[in-house]
Amino acid sequence: MTEETILRDLNPYQREAVTHYEGPLLIIAGAGSGKTRTITHRIAYLMAHYQVPPQQILGVTFTNKAAEEMKRRVEGLVGTSRTPWIKTFHSTAAAILREQIHHLGGNYNRNFTILDENDTRAAIVQTIKELGYSDEGISPDFVATVIDRAKDELIGPEEFASRRLGTFDSSLLEPLDRIYKHYQRRLEVSNALDFADLLRLTVRLFQERLDILNCYRDRFRFIVIDEYQDTNYAQYILSRLLAEKHENICVVGDDDQSIFGWRGADPTNIFKFEHDFPTCKVVQLKSNYRSTARILRAASAVIQNNQLRKPKELIAVRPEGERLYLYPARDEHDEADFVARQIWELQHSRDVPLNHIAVLYRVNTLSRVLEEALMRWSIPYEIVRGLKFYERAEIKDLLAYLRFLSNPHDDLSLVRILNKPRRGIGEKTVATLQLQARSHRCSLWEAIERVGENEALGNGARKRLQEFADLIKSLQEYARTRSPSELANELLRQTGYLTELQADGVDSEERLGNIREFIGYLREFEQRGGLREFLEEVTLMAEADTYSGEQERVALMTLHSAKGLEFDYVFLVGMEENLLPHARSIKEGTIEEERRLCYVGLTRAKERVYLSFTAQRALYGSVLFNAPSRFIWELPKDDLEAPYPWELET
């Protein structure tokens with residue numbers, strides 16, 4: 001495709017951003033302003049007009065789904081399958097570490113396992129137990145949050161005690177320090193990394209090895225980073241390290257849509273960009289193509305009450321449209337019935353496809369009553385909430401086998417599969433093995449390989465462990481020459497997993513169907529990569545990656561999950577104080593992020609927004625009498641419609 005074709009149909013602001021060549025570039029991209037279009041056309045223009053080789057361009061975004069969409073669009077624009085690196089931050093870091101992690105020393109090698117959130121929590125639970133602490137005294141979820149935040153701030157286990165992070169009680173500092181150190185040693189012995197390690201260790205690698213950093217700086221002469229307002233400290237430092245030599249870095253974002261502060265995102269990173277790169281060019285995308293003028297005006301009126309934001313102008317391209325509909329409900333049942341009734345009307349009176357409708361809420365617990373109402377009205381729906389398929393026991397078992405075969409030092413996966421299917425290896429045997437592994441500072445698999453030397457185990461246990469070791473070695477040999485899907489089928493056969501599953505009887509047909517689905521997807525994935533790439537993609541998958549919007553069902557999701565999506569009609573329920581804004585944000589003084597959440601919810605809609613609040617709500621075992629959300633009072637009264645007179649007082 002020619003340069004003229006790439007620039008065709010771009011507005012003046014988009015064209016200015018796309019045609020910029022060398023030097024830092026900041027693109028302020030408001031909601032619905034054609035951000036992805038601008039990014040992909042910029043990458044294509046660099047390749048077509050400036051003849052930049054694709055391998056010298058790095059594109060970074062926040063979900064696999066967004067990365068794949070960007071790749072597809074770039075391929076369509078340049079007419080070639082030779083596209084740049086376009087990945088998420090974590091996938092980019094993982095790819096770099098696959099090539100270079102051995103330079104960090106220790107037990108790390110390129111076959112490392114990436115732990116998902118459940119695996120991370122399991123490792124922390126085991127660490128707490130081994131150190132003699134109780135779950136009641138120190139919550140594993142609290143520990144996981146503290147360690148994750150420390151790593152996001154690039155604080156390793158050795159610096160943790162001296163660089164105390166957070167506001168927790170000082171009496172917890174010593175146990176948290178011990179747990180962090182022990183947990184990290186466990187990961188290193190297992191050749192495993194959690195999510196935050198991917199970024200922390202990549203930054204550490206670059207800081208310790210300037211030669212390796214310069215290699216990647218020269219490889220990626222042009223960098224494009226999407227959703228820059230959602231970067232945390234580690235991502236910010238990683239971006240700067242890669243860009244400091246050539247300074248051909250383009251960041252795209254909107255501080256008004258920064259909604260992930262609870263996981264370390266810092267909206268001020270987008271403000272600091274002009275300070276970090278004083279010669280940067282700033283382009284604002286001013287045209288909103290998504291929402292009607294009324295929706296955009298309402299959203300703008302709300303967000304203008306935030307103090308921490310860059311002033312910006314966003315102009316609606318579309319006509320006025322319908323007023324926002326505000327429904328004051330008696331209680332949560334009245335609210336849910338209102339939502340279901342309106343959806344039924346949209347479907348049957350306006351022929352609106354159900355997958356063009358979304359119901360958004362601040363907390364997941366609001367979905368229960370909504371589900372009941374939708375079922376009563378026979379309206380199909382889909383809850384977008386995490387990786388349910390990959391959290392099923394049989395899929396977790398199969399993934400654990402594949403992860404262990406890919407990385408024999410992965411103790412967590414090994415513990416999961418040692419007695420699945422049942423082979424007489426009980427908890428006492430596992431505890432004895434773990435004790436030996438700790439005393440020899442080796443992995444559990446290495447302890448099993450030396451099981452003949454372990455006098456603490458009886459003859460029966462040693463025999464069963466030896467049989468397991470022989471099975472694994474047979475599968476490892478099989479894996480050398482076979483595809484991942486063939487390996488999955490073979491391990492199911494050799495282990496007898498399917499036989500035991502069928503014998504259990506309970507939900508066996510459904511579970512067998514899940515396994516067939518898993519192997520089918522694995523076979524399909526083989527056209528793009530091998531086992532290691534598959535395991536990495538599954539682990540790094542985000543909630544947004546699981547929603548396709550293809551099935552004709554109403555989408556129910558949190559406001560956080562809705563980021564990056566769009567629908568014709570959006571219902572914002574639970575618009576009450578202590579729900580939106582959340583009670584925690586009111587207590588902690590983080591109202592501005594809650595207002596950004598409201599702004600994100602409003603700007604998901606193309607045609608119309610429905611808002612609702614209740615006079616009373618049964619929630620968490622109590623009846624709540626919350627006031628209407630302060631954000632309702634910030635909406636323009638002329639753009640609101642209600643079923644009966646409801647005076648908005650200022």
Side-chain angles (χ1 to χ4, degrees), residues 1-21 25 27 29-89 91-92 95 219-228 248-253 283 285 287-290 317-318 355-356 521 524-529 533 537 540-542 544-551 563-568 606:
M1 187 173 287
T2 64
E3 300 99 286
E4 292 77 14
T5 309
I6 292 172
L7 296 178
R8 186 189 303 156
D9 299 329
L10 296 179
N11 66 40
Y13 315 113
Q14 293 171 333
R15 184 182 289 250
E16 186 180 5
V18 166
T19 56
H20 176 80
Y21 183 35
L25 173 65
I27 303 175
S33 61
K35 170 176 65 73
T36 304
R37 180 183 181 85
T38 304
I39 294 172
T40 52
H41 280 66
R42 170 167 172 74
I43 292 172
Y45 197 77
L46 285 172
M47 294 167 61
H49 181 75
Y50 294 114
Q51 301 299 304
V52 178
Q55 64 269 22
Q56 291 188 354
I57 303 173
L58 170 64
V60 184
T61 186
F62 273 79
T63 67
N64 290 318
K65 188 175 182 180
E68 288 302 316
E69 173 65 13
M70 286 170 64
K71 283 181 193 174
R72 185 186 65 78
R73 291 200 196 186
V74 171
E75 287 176 9
L77 287 168
V78 297
T80 175
S81 59
R82 292 178 64 246
T83 55
W85 266 34
I86 300 179
K87 299 174 179 287
T88 64
F89 263 107
S91 294
T92 299
R219 182 189 295 192
F220 302 128
R221 285 183 52 241
F222 290 84
I223 301 170
V224 179
I225 300 177
D226 190 14
E227 306 285 9
Y228 196 67
N248 296 325
I249 178 172
C250 166
V251 302
V252 188
V283 177
L285 305 184
S287 300
N288 175 284
Y289 294 93
R290 179 188 300 153
V317 173
R318 301 190 59 214
N355 55 337
H356 291 199
Y521 179 60
E524 177 187 321
F525 185 89
E526 287 165 0
Q527 300 172 17
R528 292 188 279 140
E533 290 78 14
E537 178 170 296
L540 297 181
M541 201 175 287
D545 294 323
T546 67
Y547 176 70
S548 68
E550 293 174 358
Q551 293 181 304
K563 179 73 163 54
L565 302 176
E566 58 181 38
F567 302 88
D568 287 346
K606 299 179 184 179

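These values consider heavy atoms only, across backbone and side chains, with no hydrogens, waters or symmetry-generated copies.
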(request) List for me each residue that meets side-chain hydrogen bond (donor to acceptor under 3.5 Å, both in side chains) alongside Ser33, sequence neighbours excluded, and say none if there are none. (result) none
(request) To the nearest 0.5 angstrom, please state how far the NE2 atom of His41 sits from the CD1 atom of Ile43. (result) 11.5 Å
(message) Suppose we screen for side-chain contact (heavy atoms from CB on, under 4.5 Å). Which residues come up paired with Ser287, at least two apart in sequence or across chains?
(response) Asn11, Tyr13, Tyr289, Val317
(request) Hey, could you give me the CZ/CZ distance between Arg42 and Phe222, rounded to the nearest 0.5 Å? (result) 7.5 Å
(message) Under the rule for side-chain hydrogen bond (donor to acceptor under 3.5 Å, both in side chains), what residues qualify as partners of His20, not counting sequence neighbours?
(response) none
(request) Quick one: pull up CZ in Arg37 and CG in Leu285 and give me the separation to the nearest 0.5 Å. (result) 11.5 Å
(request) Report the residues that fulfil side-chain hydrogen bond (donor to acceptor under 3.5 Å, both in side chains) with Asp226, sequence neighbours left out, ordered by chain and then residue number. (result) Lys35, Thr61
(request) Quick one: closest heavy-atom pair of Leu25 and Ala17, and the distance? (result) CD2-O, 3.6 Å
(message) According to salt bridge (Lys or Arg N to Asp or Glu O under 4.0 Å), who are the partners of Arg15, at least two apart in sequence or on a separate chain?
(response) none
(request) Output all residues satisfying side-chain hydrogen bond (donor to acceptor under 3.5 Å, both in side chains) with Glu566, sequence neighbours left out; order by chain, then residue number. (result) Arg290, Lys606
(request) Please report the shortest heavy-atom distance between Ile6 and Leu10, naming the atom on each side. (result) O-CD1, 3.8 Å
(message) Among residues at least two apart in sequence or on other chains, which ones pass ring-ring contact (aromatic ring centres under 6.0 Å, His included) with Tyr45?
(response) His49, Tyr50
(request) Nearest 0.5 Å please: distance from the CD atom of Glu16 over to the OG1 atom of Thr38. (result) 11.5 Å
(message) Applying side chain to side chain contact (heavy atoms under 4.5 Å, CB included) to Lys563 and Phe62, what does each step give before you reach the verdict?
(response) CA-CA 11 Å; Lys563 179 73 163 54; Phe62 273 79; over 6 Å; no
(message) Could you measure the distance from the NZ atom of Lys71 to the CH2 atom of Trp85? Nearest 0.5 Å is fine.
(response) 10.5 Å
(message) My understanding is that only one of Arg528, Lys65, Lys87 makes a salt bridge (Lys or Arg N to Asp or Glu O under 4.0 Å) with Glu537; could you say which?
(response) Arg528
(request) Drop me the distance from Asn64's CG to Ile86's CD1, to the nearest 0.5 angstrom. (result) 12.5 Å
(request) Go through the steps for Arg219 and Leu58 under the test side chain to side chain contact (heavy atoms under 4.5 Å, CB included), then give the verdict. (result) CA-CA 9 Å; Arg219 182 189 295 192; Leu58 170 64; over 6 Å; no
(request) Mind checking salt bridge (Lys or Arg N to Asp or Glu O under 4.0 Å) for Glu526 and listing every partner two or more places apart, or none if nothing turns up? (result) none
(message) Main chain of Arg221, side chain of Asn248: is a donor-acceptor contact present, judged purely on distance under 3.5 Å?
(response) yes
(request) Could you list the residues that satisfy side-chain contact (heavy atoms from CB on, under 4.5 Å) with Arg72, not counting sequence neighbours? (result) Glu69
(message) Phe525: which residues meet the ring-ring contact (aromatic ring centres under 6.0 Å, His included) condition with it, sequence neighbours left out?
(response) Phe534
